*Asks:* 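I'd like to ask you about the structure that follows.
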Number of protein chains: 2
Amino acid sequence: MKIPELYENVDRFPVALDAIIFGFDRDNLKLLLIKRDFEPKKGEWSLMGGFLKSDESLDEAASRILTNLTGLKNIYLEQLYGFGEIDRDPVERTISIAYYSLINILDHNKELVKQYSARWFPIDDLPDLIFDHLKMVEAAKARLRYKAARQPVGFELLPEKFTLPELQQLYESIYETDLDKRNFRRRILSMGVLVKTNEKQKGFSKKGAYLYKFDKNKFDMLNSPSDGAGLSFKPPNV
Amino acid sequence: MKIPELYENVDRFPVALDAIIFGFDRDNLKLLLIKRDFEPKKGEWSLMGGFLKSDESLDEAASRILTNLTGLKNIYLEQLYGFGEIDRDPVERTISIAYYSLINILDHNKELVKQYSARWFPIDDLPDLIFDHLKMVEAAKARLRYKAARQPVGFELLPEKFTLPELQQLYESIYETDLDKRNFRRRILSMGVLVKTNEKQKGFSKKGAYLYKFDKNKFDMLNSPSDGAGLSFKPPNV
DNA sequence: AATAATAGGTGTTGATATTACACTTATAAA
DNA sequence: TTTATAAGTGTAATATCAACACCTATTATT
């Protein structure tokens, strides 16, 4: 028996990528959605998406789709889940791999976003979404909460320099709850990846808040034991 | 513009499902692997897998594939990750959605397993695996650790009644470390989903250990706030 | 019948982490 | 000069976690 050229008697499907794009505008956590100007569901809101091509990996395809909409490259992107209900797309049986992404809301290319009739929506006030896109958004919210619980996520969502009240506001949006100022500072600073600068943010408050930066090196170190680190049932002595 | 019949100018791909099947034999955590009797990579070890058909969802397909091998229905199964590197399969570009599964090692149909030349391997002594299957296994191990950290996982891996030393042994296999007997008992019992029976396991130790059962109801309750519950950065007052 | 061998079962203490909580400070605007 | 606003700071009570050693029930052996 020799190696076959192709698999025989196997169904083939379009593989879609859909992107849940989180942004933060110093006030609310938001999602970037597009208004479809094509069928099916023309005129309705949906996640940005596209189909996998044969010359790109899943990650590359997701990245391409995101660049198409935002003009940004090297965006933070993480695979979320594969959605594959039979009737999820009325046109044809497809499966979709959802990715979520964190971007600085000020960074994206406004022209491109306009082309797609895209808009930022507050996470707690989304329009109806097509297909199973709401399920995808819910999964992404849960994942973001999980992620933010064990490492600062502001890296991608905030500008290079940011204040602790801004970071706290971001966390409060993510968890949809209020946090105690003193406890929040202690916890986030104890992770040891924030560096205080001597600059103060002017204009917003009268006193002004100190600006902080992420320490990328320490952050990567925190990330690398990617395993079960930080779990509530962590084995002792580790 | 009307709704199209099918998507045009879109590549289509075989969608594979691969299953990481965990079992536990009261001693070691194990994986069920098959020896391929077909090309490519005939004679080598791999995960059990198969291709998605157009009349089944991803979950259904994964479940079918698992039933094919084990004879078991209603197996615990969870989607893990989508693997989509361009050259992951030498025959043809495919994408694979990996699922992991927990089964009682004594339950499966031995005939079927024999047909597939399948074998249980200790998790820390696996043979070489084809394609990207080792990556899949590593991801499944990490996921199982994560899962076991916040809820007892013995449910699927152990017989209906089991002793605490057995459950501890399972956890020690999962984390590949030793755990303190007293601390383990306190923690696992404090989750409140184990019920002590009056029976003692005879035969293995001289004293005999009490048998426990899972309380399915309480367990489901523990599971339902599927969100960010149990995280180390959990919001206060919740 | 007594003894030895084996694994099961149990509590406490010190260290660390988490929560709740209120006042002072720097600055801009009035 | 006063006032208004958000920034910034510390402590005490509580809960959680890790470390640690001995007794018990039973079977097998003599």
Side-chain angles (χ1 to χ4, degrees), chain A residues 26-27 148-152 154 158 161-173 175 177-192 194-213 222 228-238, chain B residues 26-27 148-151 154 158 161-172 175 177-192 194-213 222 228-238:
Chain A
R26 305 197 172 211
D27 193 22
R150 52 210 64 211
Q151 63 186 230
L158 291 168
K161 294 177 187 172
F162 52 88
T163 67
L164 291 187
E166 283 170 345
L167 188 60
Q168 180 172 348
Q169 180 59 42
L170 169 58
Y171 269 75
E172 291 179 343
S173 307
Y175 290 108
T177 187
D178 290 336
L179 298 171
D180 179 90
K181 196 160 51 160
R182 283 164 289 192
N183 294 338
F184 176 78
R185 284 167 170 260
R186 207 188 352 264
R187 288 169 89 164
I188 211 82
L189 289 174
S190 77
M191 290 181 180
L194 297 189
V195 182
K196 188 175 181 173
T197 71
N198 286 320
E199 305 162 66
K200 271 194 170 183
Q201 182 189 68
K202 291 294 165 118
F204 175 60
S205 83
K206 309 202 164 159
K207 183 174 180 181
Y210 279 102
L211 290 164
Y212 285 75
K213 293 198 290 189
L222 179 71
L231 295 182
S232 60
F233 200 104
K234 59 176 175 296
N237 318 321
V238 182
Chain B
R26 304 198 172 209
D27 194 22
R150 53 207 64 211
Q151 62 186 229
L158 291 169
K161 293 176 187 172
F162 51 87
T163 68
L164 291 187
E166 283 170 345
L167 188 59
Q168 181 172 347
Q169 180 61 41
L170 169 58
Y171 269 75
E172 291 179 344
Y175 291 107
T177 187
D178 291 337
L179 297 171
D180 179 89
K181 197 159 51 161
R182 286 165 285 192
N183 293 338
F184 176 79
R185 284 166 171 261
R186 206 188 351 265
R187 288 168 90 165
I188 212 81
L189 289 174
S190 76
M191 290 181 180
L194 298 189
V195 183
K196 188 175 183 174
T197 72
N198 286 320
E199 304 162 66
K200 270 194 171 184
Q201 183 188 68
K202 291 297 166 116
F204 175 60
S205 83
K206 308 202 163 157
K207 184 173 180 183
Y210 280 103
L211 290 164
Y212 286 74
K213 292 198 291 189
L222 180 71
L231 296 182
S232 60
F233 201 104
K234 59 176 177 298
N237 318 322
V238 182

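Proteins come first, then strands; the chains are lettered A, B, ... in the order of their sequence lines, and each starts at number 1. Computed from a predicted model, the values in this text were never measured in an experiment.
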*Asks:* Give the rounded distance in Å between these two atoms: OH of B:Y212 and C1' of C:dG8.
*Replies:*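 My rounded result for the distance is 10 Å.
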
*Asks:* For B:F162, check ring-ring contact (aromatic ring centres under 6.0 Å, His included) against everything at least two apart and list the hits.
*Replies:*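 Here the qualifying residues are B:F214.
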
*Asks:* Does a side-chain N or O of A:R182 approach OP1 or OP2 of C:dC23 to a distance below 4.0 Å, or not?
*Replies:*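 For C:dC23, neither OP1 nor OP2 has a side-chain N or O of A:R182 closer than 4.0 Å.
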
*Asks:* I need the CG-C1' distance between B:D180 and D:dT16, as an integer number of Å.
*Replies:*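 In whole Å, D:dT16 C1' and B:D180 CG are 15 Å from each other.
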
*Asks:* Applying salt bridge (Lys or Arg N to Asp or Glu O under 4.0 Å), can you list everything that pairs with A:R26, at least two apart in sequence or on another chain?
*Replies:*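 Partners of A:R26 by the salt bridge (Lys or Arg N to Asp or Glu O under 4.0 Å) criterion, ordered by chain and then number, come out as A:E166.
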
*Asks:* Which whole-number value in Å describes the distance from A:L167 CG to D:dG8 C1'?
*Replies:*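 The answer, rounded to whole Å, is 16 Å.
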
*Asks:* For A:K206, what residues pass the salt bridge (Lys or Arg N to Asp or Glu O under 4.0 Å) criterion, not counting sequence neighbours?
*Replies:*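 For A:K206, no residue satisfies salt bridge (Lys or Arg N to Asp or Glu O under 4.0 Å) once neighbours in sequence are set aside.
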
*Asks:* Below 3.5 Å is the cut-off: list the nitrogen or oxygen pairs between protein and nucleotides 15-17 of chain C, distance only.
*Replies:*
none

*Asks:* Only counting residues at least two apart or in another chain, list the ones meeting side-chain hydrogen bond (donor to acceptor under 3.5 Å, both in side chains) with B:Q168.
*Replies:*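 With neighbours one apart ignored, the set is B:E172.
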
*Asks:* Who pairs with B:K161 by side-chain contact (heavy atoms from CB on, under 4.5 Å), at least two apart in sequence or on another chain?
*Replies:*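 Applying side-chain contact (heavy atoms from CB on, under 4.5 Å) to B:K161 gives B:E199, B:L211, B:K213.
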
*Asks:* Rounded to whole Å, how long is the line connecting atom CG of A:D178 with atom P of D:dA6?
*Replies:*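 That distance rounds to 15 Å.
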
*Asks:* Under the side-chain contact (heavy atoms from CB on, under 4.5 Å) test, which residues partner B:S190, sequence neighbours left out?
*Replies:*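 Testing B:S190 for side-chain contact (heavy atoms from CB on, under 4.5 Å), a comparison that skips the adjacent residues, returns none.
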
*Asks:* Over how many whole Å does the gap from A:I188 atom CD1 to C:dT18 atom C1' extend?
*Replies:*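 So the CD1-C1' distance, A:I188 to C:dT18, works out to 15 Å.
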
*Asks:* Where along nucleotides 24-30 of chain D does protein come under 4.0 Å, by heavy atom, of base (B) or sugar-phosphate alone (S), with - for untouched nucleotides?
*Replies:* BBBB---

*Asks:* Figure out the NZ/P separation between B:K181 and C:dT6, and round it to whole Å.
*Replies:*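 Going from B:K181 (NZ) to C:dT6 (P), I get 14 Å.
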
*Asks:* Among residues at least two apart in sequence or on other chains, which ones pass side-chain contact (heavy atoms from CB on, under 4.5 Å) with B:F204?
*Replies:*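 B:F204: side-chain contact (heavy atoms from CB on, under 4.5 Å) contacts with B:Q201.
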
*Asks:* Could you tell me how far apart A:Q201 (CD) and D:dT5 (P) are, to the nearest whole angstrom?
*Replies:*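 A:Q201 atom CD is separated from D:dT5 atom P by 18 Å.
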
*Asks:* Check whether A:Y175 reaches the backbone of A:A149 with its side chain - one donor and one acceptor, N or O, closer than 3.5 Å.
*Replies:*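 It does hold such a pair.
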
*Asks:* May I have the distance from B:F184 (atom CZ) to C:dG8 (atom P), rounded to whole angstrom?
*Replies:*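 Spelled out: CZ on B:F184 to P on C:dG8 is 13 Å.
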
*Asks:* By nearest nucleotide on DNA chain D, pick out whichever of A:Y210 and A:R186 is the more 5' one.
*Replies:*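 Checking each residue's closest nucleotide, the 5'-ward one belongs to A:Y210.
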
